[in-house]
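Each remark here refers to the structure printed beneath this line.
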Protein chains: 2
Amino acid sequence: MLVPHHSVLKQLPPFARLSEIEITEVLRSAVPRRYPAGSVVFEQGAAALHFSVLLNGRLRVTQVTPTGEQVVVRIVNPGDIFGIARALRLHTYPGTATAVVESLALSWPMEQWEPLVERYPSFAASAIRVIGERLLEAQSRIREISTEVVERRVGHTVLRLVQQSGVREAEGIRIDFPISKQDLAEMAGTTLHTVSRILTAWEHAGLVDTGRQKLMVKDPHRLLLVADGIEPGLLG
Amino acid sequence: MLVPHHSVLKQLPPFARLSEIEITEVLRSAVPRRYPAGSVVFEQGAAALHFSVLLNGRLRVTQVTPTGEQVVVRIVNPGDIFGIARALRLHTYPGTATAVVESLALSWPMEQWEPLVERYPSFAASAIRVIGERLLEAQSRIREISTEVVERRVGHTVLRLVQQSGVREAEGIRIDFPISKQDLAEMAGTTLHTVSRILTAWEHAGLVDTGRQKLMVKDPHRLLLVADGIEPGLLG
DNA sequence: CGGATTGTTGAGGATACTCAAGTTAGGTGG
DNA sequence: CCACCTAACTTGAGTATCCTCAACAATCCG
């Protein structure tokens, strides 16, 4: 497999401020990896041996509780850093990453983390920002799950997907990777049944278009009104 | 007011690997600030002008939702960095910090953040770790709120307080700052009424001792069993 | 075409919330 | 130091929300 060209890395914020020579240097210890759809990228509890950047595709990161319930922690989009357990002084991955579509990542041995952070201040600053954004997102989710009724929670979950993984199309904004009702439920802190009922109601109201692992938001503005509780819910 | 001595800063991880001279330099732009119990340290939405380290006391960081409900984001303990909005490229504070007891902090102008991160790689690494720990904690809360019944959620909330702010005493572990049932509710994603009922049940079972803004865990081990769902709940 | 995965829909019921009323504790000021 | 006032807490009753359980339908894939 071809080692990615400098220009690919140069696009990504963590590496944007590095020189050509530095990027060459950084790329020396990187290995590209391909993950077929459905394959496991790393597993919760396994030794954290690599950190990576997703070049294309999508990953779904999940955690399972001791009692077996699953929670979707986040979706990894192209350009995102992932698997940085070492930055948190963890020796094992806190979650499981699965490729939802065929994906390509650039992967470094975990020992390279400290040198990168120490040598390239702009890399460190970018890492702080990335983790900080995830923290803000996590706190939003906590706020939502704690204070909002299910329908609004699902609304915010869908809107977050729209922002992070939506592509504009003729009839609306499509979530451009396969996502099941179960996934949505595990993101919103509810059950697949409740998500199904809510999306059906929204579909009748013309807010969304859904199908098996498909989701398109036709009226983001009105969905926002529902999610923010300005417009009443659409459940029977 | 007295400017803190080097040795105070030297104890804190973010500064531990700096030399005497560097610490002197860093202290030059720092200002100590005193906050009376109940006073507001910074307010959600206000311009983020300072970041700080808590020297002693406790802060409670909250967020209010657009609809007015409040959520407790975290408790700031001595030694913690707080108010680092700038690291996340925010220009305003995402939450409100209130001193729950008289507190003392060391405070830097926000413009000092970038120089510190760029100049002292060990400071950057420490910042990454601190934010990462908060992220892990936030994800634990999401997992708990999403999957656990209230009693277990409250259990985990109390246990987290024990770990972060508990002091060992003769009869158990005391949370050593004033914490109301309302606070606990806003941490666990429930109501003050439910927290009250649960704590009363636990008190009868000898797990805890509660009072007005007081909380002591007498049997942490058994509380853990309840929180983890190994032992059945104690609610009537 | 058949099996498996994903999704739909209904009925019933438990959990935890809301609403309400009262109690206790602590701080404040006279 | 006591009386008062407020904030914190307790407890009960009724009920809404959303979960669980169940059966079935649709879609995809080999």
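Every value quoted in this text rests on a predicted model; they were computed, and no experiment measured them. Atom set for the values below is all heavy atoms of this structure, side chains included, hydrogens, waters and symmetry mates excluded.
- The closest side-chain heavy-atom distance from B:Leu159 to B:Leu223 is below 4.5 Å.
- Remark: P of D:dT10 and NE2 of B:His204 are 10 Å apart, rounded to the nearest angstrom.
- Using a 3.5 Å distance cut-off with no hydrogens or angles, the side chains of A:Glu69 and A:Thr67 do pair a donor with an acceptor.
- Separating the CD atom of B:Glu203 from the C1' atom of D:dT10 is a distance of 12 Å, rounded to the nearest angstrom.
- Using modelled atom types and a 3.5 Å distance limit, the side chains of A:Arg143 and A:Ser140 yield a donor-acceptor pair.
- Following rounding to the nearest Å, A:Arg153 (CZ) and D:dC19 (P) show an atom-to-atom distance of 7 Å.
- Judged purely by atom type and a 3.5 angstrom limit, B:Gln44 uses its side chain to pair as donor or acceptor with the backbone of B:Val64.
- A salt bridge links A:Glu231 with A:Arg222; the closest basic N to acidic carboxylate O contact falls under 4.0 Å.
- The pair A:Arg58-A:Asp176 meets the salt-bridge criterion, since a charged nitrogen lies less than 4.0 angstrom from a carboxylate oxygen.
- Close to D:dT11, at under 4.0 Å from its OP1 or OP2, lies a side-chain N or O of B:Thr200.
- Residues satisfying the ring-ring contact (aromatic ring centres under 6.0 Å, His included) criterion with B:Phe82, sequence neighbours excluded, are absent altogether.
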Where do B:Gln164 and B:Glu137 land on the side chain to side chain donor-acceptor pair (under 3.5 Å) test, with the steps shown first? CA-CA 11 Å; B:Gln164 294 176 348; B:Glu137 183 184 323; 2.8 Å; yes
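- Rounded to whole angstrom, the span from the CD atom of B:Gln213 across to the P atom of D:dT10 amounts to 12 Å.
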Spell out protein contact along nucleotides 12-17 of chain D as letters: B when the base is contacted, S when just the sugar-phosphate is, - when no protein heavy atom is under 4.0 Å; keep the 5' to 3' order. BB----
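- Side-chain atoms of A:Gln182 and A:Gln213 include no donor-acceptor pair closer than 3.5 Å.
- Between A:Thr191 and D:dC19 there is a side-chain N or O to OP1 or OP2 distance below 4.0 Å.
- A:Thr210 and A:Glu203 form a side-chain donor-acceptor contact under 3.5 Å, judged by distance and modelled atom types alone.
- At a non-hydrogen distance threshold of 4.0 Å, nothing from residues 170-183 of chain B comes into contact with DNA chain C.
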What pairs of donor and acceptor atoms, side-chain ones from residues 150-157 of chain B against any protein atom, are under 3.5 angstrom apart with sequence neighbours left out?
residue  : atom : partner  : partner atom : Å
B:Glu151 : OE1  : B:Leu234 : N            : 3.3
B:Glu151 : OE2  : B:Trp202 : NE1          : 2.9
B:Glu151 : OE2  : B:Leu234 : N            : 2.8
B:Arg152 : NE   : B:Ala227 : O            : 2.8
B:Arg153 : NE   : B:Ala188 : O            : 3.1
B:Arg153 : NH1  : B:Glu148 : O            : 3.2
B:Arg153 : NH2  : B:Gly189 : O            : 2.8
B:His156 : ND1  : B:Glu148 : OE1          : 2.9
B:His156 : ND1  : B:Glu148 : OE2          : 3.3
B:His156 : ND1  : B:Arg152 : O            : 3.4
B:His156 : NE2  : B:Asp228 : OD1          : 3.0
B:Thr157 : OG1  : B:Arg153 : O            : 2.9

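- Partner of B:Phe42 under the ring pair (Phe, Tyr, Trp, His ring centres under 6.0 Å) criterion, out of B:Tyr93, B:Tyr35, B:Phe51: B:Tyr93 alone.
- Taking the screw axis at each terminus of the helix from C:dC1-D:dG30 to C:dG30-D:dC1 from five consecutive base pairs, the angle between the two is 50° to within rounding of 10 degrees.
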Carefully, step by step, assess B:Arg33 and B:Ser107 under the rule side chain to side chain donor-acceptor pair (under 3.5 Å). CA-CA 7 Å; B:Arg33 288 172 200 271; B:Ser107 177; 3.1 Å; yes
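- B:Leu192 has its CG atom 14 Å from the P atom of D:dA7, to the nearest Å.
- If you measure from atom CZ of B:Arg212 to atom C1' of D:dC5, you get 11 Å, rounded to the nearest angstrom.
- Chain B approaches DNA chain C within less than 4.0 angstrom (heavy atoms of the protein), and the contacting nucleotides run 5' to 3' from C:dA16 to C:dG26.
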